[in-house]
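Everything on this sheet refers to the single structure shown next.
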Protein chains: 2
Amino acid sequence: MPKQTFFNLPDAKRRLIIDTALEEFAFNTYDKASLSQIVLKAGIAKGSMYQYFNDKDELYTYLVEYVSEKKLSFINEALPQLRNDFFLLYKEVIFVAARFDIINPLYSSFLYSVGKDSHNPAISKKIMASSASFIEQMLEKAYSQGQIRKDINIKLAAFIISYLSVDVGEYIGEKYGFSYLSVLKSKLPNVPISDNQLEEVLDELIDFIKRGIASTI
Amino acid sequence: MPKQTFFNLPDAKRRLIIDTALEEFAFNTYDKASLSQIVLKAGIAKGSMYQYFNDKDELYTYLVEYVSEKKLSFINEALPQLRNDFFLLYKEVIFVAARFDIINPLYSSFLYSVGKDSHNPAISKKIMASSASFIEQMLEKAYSQGQIRKDINIKLAAFIISYLSVDVGEYIGEKYGFSYLSVLKSKLPNVPISDNQLEEVLDELIDFIKRGIASTI
DNA sequence: CAGCCATATGACTATATGGTCACAGAAAGG
DNA sequence: CCTTTCTGTGACCATATAGTCATATGGCTG
């Protein structure tokens, strides 16, 4: 947790520090991300940074929580009434989550970088685990309602689906020829992909999850 | 490419250098992996290292190629006659690949670390791309033989399957409570999981890919 | 033995980092 | 106007790194 001093800061300054740090961590590995660079770009003194945070790790951890919180509350707010059908519900959740990423390249590139960074495996594991358990809950409900095959291993399915939900971002980036990082670098306000394009990929993914790929004849 | 000097080395010494470096890169991020540590552990002089490699990156790149080559040739050798059925073939490929990982924790933790490390995104992308295109070929053949649903997007399917093939390692580790790294640390000769346990997970995964999870009634 | 060449070496350099600390303002309030 | 408390500062420190280089070693050849 940051020190109280950090929260006493005027909003604009606090936000500037957060954004500058996010950018540094989005573009660099944890190890290569440099506090010296962050304070330089934010225009504050090194010492000030240590009035706000005890060390680099605390800053990093705070950023992860900060952005995760943003994303989660965005999803909760944007999610319409709950659907009963698992696949429809899943689609809506992912759609909203992807929308968040598209609107907020800074946040999404940061989170992407966090997911990959093996500096602190516990953090990325925690993120994946909570995502998997969220999906597991959805699956269990659907299972009890007969929407899921009886011989499905729910734990494995939840695991697969949560990983796929992350990987699909990579696929979209490749298919439409961009990366979050390059968008960030270009200073564009958001990722150049339309709702329709997003929905198309999502539908294919869900069809895969639903029915598999084997021909049924 | 390493300098000629490196290949002139006696096998034992060359291997010692490779293994020591692999271990350092398996446990650490590219940035945090230290040449000083490597030469210390391998018992050679810093300067010698620079007789073999031009810089840290060249060493790293060489290791990636070296281990990939080992894995690929292992798979090729261990693969029995080619099956016609996509799902059987896929199972065999993954089984053999996983077998390789299980037998060679050093190699697999290194490759795992490479896949995550965002130091040089081009490298991990290249690995994933070649894996996806390999599966795409298999899929296309199967498609033309009517094994795959006609409305499947082969590119997406290949992408999904290749990513799943990597992610499943994480699942197995979680399910059986180990990580490659901890196995490496414990100096055990290989990962404690039986062929049967592996096959069980694989069958579930393939069933997922084949038929999806939706109930068909 | 002399000369040559490939290899080995480790002290050294330049550089950068995370983190510290003694001090300077500034705001508040008595 | 003085004192206390909180915040800002940047020079500075210890440390570690990737990479260099002048020199030493040792084997081979004529």
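- Atom P of nucleotide C:dT9 and atom CD of B:Gln51 are separated by 10 Å, given to the nearest angstrom.
- With D:dT17, C:dA8, D:dG19 as the candidates, the nucleotide lying closest to the side chain of B:Asp55 is D:dG19.
- The CZ-P distance, from B:Phe7 to C:dA6, rounds to 17 Å in whole Å.
- Residue-level contact check: A:Ser48 touches the bases, meaning some heavy atom is under 4.0 Å from a base atom.
- Residue B:Lys13 is in sugar-phosphate contact alone, with no base atom involved, counting any heavy-atom pair closer than 4.0 Å across all strands shown.
- Distance, A:Phe6 CZ to D:dC6 C1': 17 Å, rounded to whole Å.
- For A:Thr5, the listed nucleotide lying nearest its side chain is D:dT7; candidates were D:dT7, D:dA18, C:dG18.
- Ring geometry for B:Tyr62 against B:Tyr66 counts as tilted: the plane angle lies between 30° and 60°, on a 0 to 90° scale.
- To the nearest angstrom, C1' of D:dG10 lies 15 Å from CG of A:Leu35.
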*Given A:Leu205 and A:Tyr171, is the side-chain contact (heavy atoms from CB on, under 4.5 Å) satisfied, shown in steps?*
CA-CA 11 Å; A:Leu205 175 64; A:Tyr171 175 77; over 6 Å; no
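- Looking at A:Tyr30 and B:Asp31, their side chains never bring a donor and an acceptor atom within 3.5 Å of each other.
- When the side-chain nitrogen and oxygen atoms of B:Asn8 are compared with OP1 and OP2 of C:dA6, none of them lie within a distance under 4.0 Å.
- Aromatic rings of B:Tyr163 and A:Tyr163 (six-membered ring for Trp) have centroids beyond the 6.0 Å cut-off, not under it.
- Remark: A:Tyr52 is not in phosphate contact with D:dT7, judged by side-chain N or O atoms under 4.0 Å from OP1 or OP2.
- Straight-line distance from the CD1 atom of A:Ile38 to the P atom of C:dG18: 8 Å, rounded to whole Å.
- Proximity of A:Tyr50 to the phosphate of C:dG19: a side-chain N or O atom is located under 4.0 Å from OP1 or OP2.
- Between the side chain of A:Lys56 and the base of C:dG19, no donor-acceptor pair of N or O atoms lies under 3.5 Å.
- Here the P atom of nucleotide D:dG8 and the NZ atom of A:Lys3 are 12 Å apart, to the nearest Å.
- Distance, B:Arg14 CZ to C:dT7 C1': 15 Å, rounded to whole Å.
- Here the CG-CD1 distance, from A:Leu9 to A:Ile44, works out to 8.0 Å after rounding to the nearest 0.5 Å.
- The CD-C1' distance, from B:Gln4 to C:dA8, rounds to 17 Å in whole Å.
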